[in-house]
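Encoded as structure tokens, here's the structure I'll be asking about.
Here is the naming used below: chain letters follow the sequence lines, and residue numbers restart at 1 for every chain.
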2 protein chains.
Amino acid sequence: MTVGTVRPGGRTARVRAAVLQAAGDALVEDGFDKLDLAEIARRAGVGKTTVYRRWGTVAALVADMLDDMADQSTPRADTGSLIGDLRANAHLVLRTLTDPRQGALFRAIIVAAACDARTATALRTFYAVRIAEWAPCVEQAISRGELPAGTDATEVIRAVSAPLYYRLMISQEPLDPTAADRAAEAAAAAARAGAYAQTG
Amino acid sequence: MTVGTVRPGGRTARVRAAVLQAAGDALVEDGFDKLDLAEIARRAGVGKTTVYRRWGTVAALVADMLDDMADQSTPRADTGSLIGDLRANAHLVLRTLTDPRQGALFRAIIVAAACDARTATALRTFYAVRIAEWAPCVEQAISRGELPAGTDATEVIRAVSAPLYYRLMISQEPLDPTAADRAAEAAAAAARAGAYAQTG
DNA sequence: TTTTTAATGGAACCATGGTTCCGTTAAGAT
DNA sequence: ATCTTAACGGAACCATGGTTCCATTAAAAA
């Protein structure tokens, strides 16, 4: 059994919180590759032995941060129109990725996921929750007659995020409100045209 | 002046080629984070001092690989229709990202770019060349009357790639021909609807 | 061909993550 | 309140990237 699960009260929880907080700070300041567990322990005011024992690797620590973040999920919008809802989603993603702390965190997490299978799984789960939260916007649009029946709701939501993450990780173009609006409008237009019809 | 630029003939070029080849192999097998310059030197049959002297860091080596790859660019398609051209582009990206060697290479490069500013610049340049190569497809579609005047051509091309890279790095869903077709159709539909109208 | 010196590469060296050991602290059971 | 032991943390230790030194090799100039 993993260390820290038999006596989760008091000290153990305090240590975990302090370490995750410190890890976030270090990730934002130094980036994923320069991360050093001893430095995180120092920031957290915790013995480095503890950090190595409980997490062992940077990737595992990042995965745990993700599990921690997965608890808070932002509720979906309900503006009455597909484009309104998708815009709200795009701007939520925009705010997250442009926030100095959260943006750096997500970059680091995506990098960690590319390096470590456990983190990759944690990341998939994280987004699955968020996409499931927003998919009803698309379902409603279908029942309103805005979109063709059989439209893949999760695919539409992902289509909103994709250009924004592409900017973050690949093209490194600025993430601004224009980009968010474009992402929402493009996804809506494509969905209306039937580009996300369910396959099979 | 950087080492290896005064006597670029014969041996120096041979060493560079061997090291870049070995770095690619190692990247594909072990991934970016586990990369070790000494191991690369061993594979390349080259002294590790040489590798450290000429490149110094893994990120710099990856940036050099990108410069090397930038020389070869695949010519754009000209099928006579926007959707045909965009499909061709989407399938080209698909082939690249699903190729065992190239796919792993791109992941590693994207990761390296997130960790190092020099690599990030090299990556931007790399894609700028490729996108400029394909942008005329969109220009032609505009002059054919398929798309509204003032459509941002590069944005349309990027819109084709975005969902595919999103799958590669974020959602980790399968990259299959359906995904490529969807990416092309979605970008075309959004462009027709005017979602990529030039701003300003 | 000879000369010059940029570039290479083996070996010894060093620094810095990461591990092990073991005594201490405090959570949870009695 | 007392006891048991999970979890913590300091210090010494170790392994493995990364650097330095210097002799050797081979481009390019003369």
Out of dG18(D), dG17(C), dC21(C), whichever nucleotide has its closest atom nearest the side chain of Thr49(A): dC21(C)

Pairing of Asp64(B) and Arg16(B) as salt bridge, 4.0 angstrom limit: yes

Val46(B) side-chain proximity, nearest of dG9(C), dG18(C), dT8(C): dG9(C)

Whole angstrom value for the distance that separates P of dT8(C) from CZ of Arg16(B): 12 Å

Nearest-Å distance for atom pair NZ/P, residues Lys34(B) and dT16(D): 16 Å

Side-chain donor/acceptor of Lys48(A) to base of dG18(C), under 3.5 Å: yes

Sugar-phosphate, base or nothing in reach of Arg14(B), heavy atoms under 4.0 Å: sugar-phosphate

Residue whose nearest DNA chain C nucleotide is more 5′ - Arg54(B) or Ala38(A): Arg54(B)

Close aromatic pair by centroid cut-off 6.0 Å: Phe32(B) and Phe32(A): no

Minimal non-hydrogen separation, Leu82(A) against Glu146(A), with atom names: N-OE2, 3.1 Å

Distance, rounded to the nearest Å, where Asp36(A) contributes CG and dG17(C) contributes P: 5 Å

Value in whole Å for how far the P atom of dC21(D) lies from OH of Tyr52(B): 17 Å

Interatomic distance where CZ belongs to Arg42(A) and P belongs to dG10(D) [whole Å]: 13 Å

Nucleotide dG17(D), atom P - distance to CG of Asp33(A) in whole Å: 16 Å

Separation of atom CH2 in Trp55(A) from atom C1' in dC8(D), rounded to whole Å: 12 Å

Side-chain-base donor-acceptor pair under 3.5 Å for Arg53(B) and dG18(D): no

More than 12 heavy atoms of other groups within 6.0 Å of Arg124(A) CZ: yes

Five-pair end axes of the helix from dT1(C)-dA30(D) to dT30(C)-dA1(D) and the angle they enclose, rounded to 10°: 40°

Any donor-acceptor pair under 3.5 Å from Glu133(A) side chain to Arg76(A) backbone: yes

base_contact_polar (dT25(D) base, Arg11(B) side chain, donor-acceptor, <3.5 Å): yes

Under-4.0 Å side-chain N/O to phosphate OP1/OP2 contact, Thr50(B) with dG9(C): yes

Lys/Arg-Asp/Glu bridge criterion (N-O < 4.0 Å) met for Glu39(A), Lys48(A): no

Salt bridge Glu155(A)-Arg167(B), side-chain N to carboxylate O under 4.0 Å: yes

